[in-house]
Amino acid sequence: MDIQAWDDVHGAKSQETLQAFLGSRTDSYAILQLKRTDETAQDRFMNYSWLESHGREPEVDHYDVVYTGGLPSGTALEDLYVKFNIDHPADFTGHSLSVSDILAIKQAGVVTCYYVDSIGFRQLPDFHPENYLRNAEMAMEDDYGMIDGVLNNGPKEPVRDERPSVLEKLKNAPEPEWPPKQTKHREERGLE
């Protein structure tokens, strides 16, 4: 299998893994590593200040999700760094966590992303992996109170039939009485 074919297969798996991570209802983390392409070759293993000096920023489309896992309470970014450098899980297939990788942390439903820098981590407020299923639902759902992972569950209120035109209402209105009833004048009613 050539490299491009492998990347195509790996990329498809990466999207599924990303969607599972974003859709998870529990606290979790994901490790994103740069894809092996000509476009990302010069960014690989470069610190954040190098990216800035070259007018670049990490882009979601340049990364694959290589691993996800549950996030135990009290786990720090440094704990994950040590785990993926010294004590790799058996099913981890990426390279050791290194500069240019990204840790995505999901806690209480909020995803925060961190660039692994030369020393420490740099939060990336504008780096947002997209939940494509949620975006598809937002585009198709006709009731925004029902953003729940099910496409178009239907509207809250039943859809009314088309309203009749004013002309139709006038045609169907009862005939007025002729001659019209005479109203009593003010004096005839006893009012002055």
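Not measured: the values here are computed from a predicted model. We're numbering straight along the sequence, starting at 1.
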Practice item. Look only at the side chain of Arg122 and the backbone of Val116, and say whether a donor-acceptor pair between them is shorter than 3.5 Å. Key: no
Check your understanding: Does the side chain of Arg36 come within less than 4.5 Å of Arg44's, by heavy atoms?
Key -> yes
Point to revise | Tyr67 side chain to Asp91 side chain, donor-acceptor N/O pair below 3.5 angstrom | key: yes
Review point. Do Ile31 and Leu97 have side chains that get closer than 4.5 Å, going by heavy atoms?
Key: yes
Check your understanding: Do any N or O atoms from the side chain of Asp117 and from the backbone of Tyr48 form a donor-acceptor pair under 3.5 angstrom?
Key -> yes
Review point. Just one of Leu80, Val111, Asp27, Val110 clears the side-chain contact (heavy atoms from CB on, under 4.5 Å) bar with Ile105, so which one?
Key: Leu80
Review point. More than 12 non-hydrogen atoms from neighbouring residues, nucleotides or ligands closer than 6.0 Å to CD on Gln123, yes or no?
Key: yes
**Study point:** Atom pair OH (Tyr81) and CD1 (Ile86), whose distance is rounded to the nearest 0.5 Å
**Key:** 9.0 Å
Review point. Hey, are Asp101 and Gln33 close enough side-chain-wise for a donor-acceptor pair under 3.5 Å?
Key: yes
Revision key, fill the gap. Correct closest heavy-atom pair for Phe127 and Pro58 would be CD1-O, 3.7 Å
Check your understanding: Which distance, rounded to the nearest 0.5 Å, do you find between the NE2 of His88 and the NZ of Lys83?
Key -> 11.0 Å
Point to revise | Main-chain N/O of Asp61 paired with Lys35 side-chain donor or acceptor, under 3.5 Å | key: yes
Exercise for review: Would you please indicate yes or no on a ring centroid separation below 6.0 angstrom for Tyr115 and Phe121?
Suggested key: no
Review point. Does a side-chain heavy-atom distance below 4.5 Å link Cys113 with Leu103?
Key: no
Exercise for review: Report the distance from atom OG1 of Thr112 to atom CD of Gln107, rounding to the nearest 0.5 Å.
Suggested key: 7.0 Å
Check your understanding: Short question: side chain of Ser28, backbone of Gly70 - any donor-acceptor pair under 3.5 Å?
Key -> no
**Study point:** Centroid-centroid distance, His95 to Phe84, less than 6.0 Å
**Key:** no
Review point. Below 4.5 Å, heavy atoms only, C-beta onward: do Val65 and Phe21 meet side chain to side chain?
Key: no
Exercise for review: Hey, could you give me the OG/CG distance between Ser96 and Asn85, rounded to the nearest 0.5 Å?
Suggested key: 4.5 Å
Check your understanding: Do Ser24 and Thr26 have side-chain N/O donor and acceptor atoms under 3.5 Å apart?
Key -> yes
Practice item. Verify, without hydrogens or angle tests, whether Asp79 (side chain) and Thr75 (backbone) share a donor-acceptor contact under 3.5 angstrom. Key: no
Check your understanding: CE of Met46 to CG of Leu34: how many Å apart, nearest 0.5 Å?
Key -> 11.0 Å
Point to revise | Between OH on residue Tyr63 and CG on residue Asp43, distance to nearest 0.5 Å | key: 7.0 Å
Practice item. Group every Ile, Leu, Val, Met, Phe, Trp and Tyr by side-chain heavy-atom contacts under 4.5 Å, then state whether Val99 and Leu77 land in the same group. Key: no
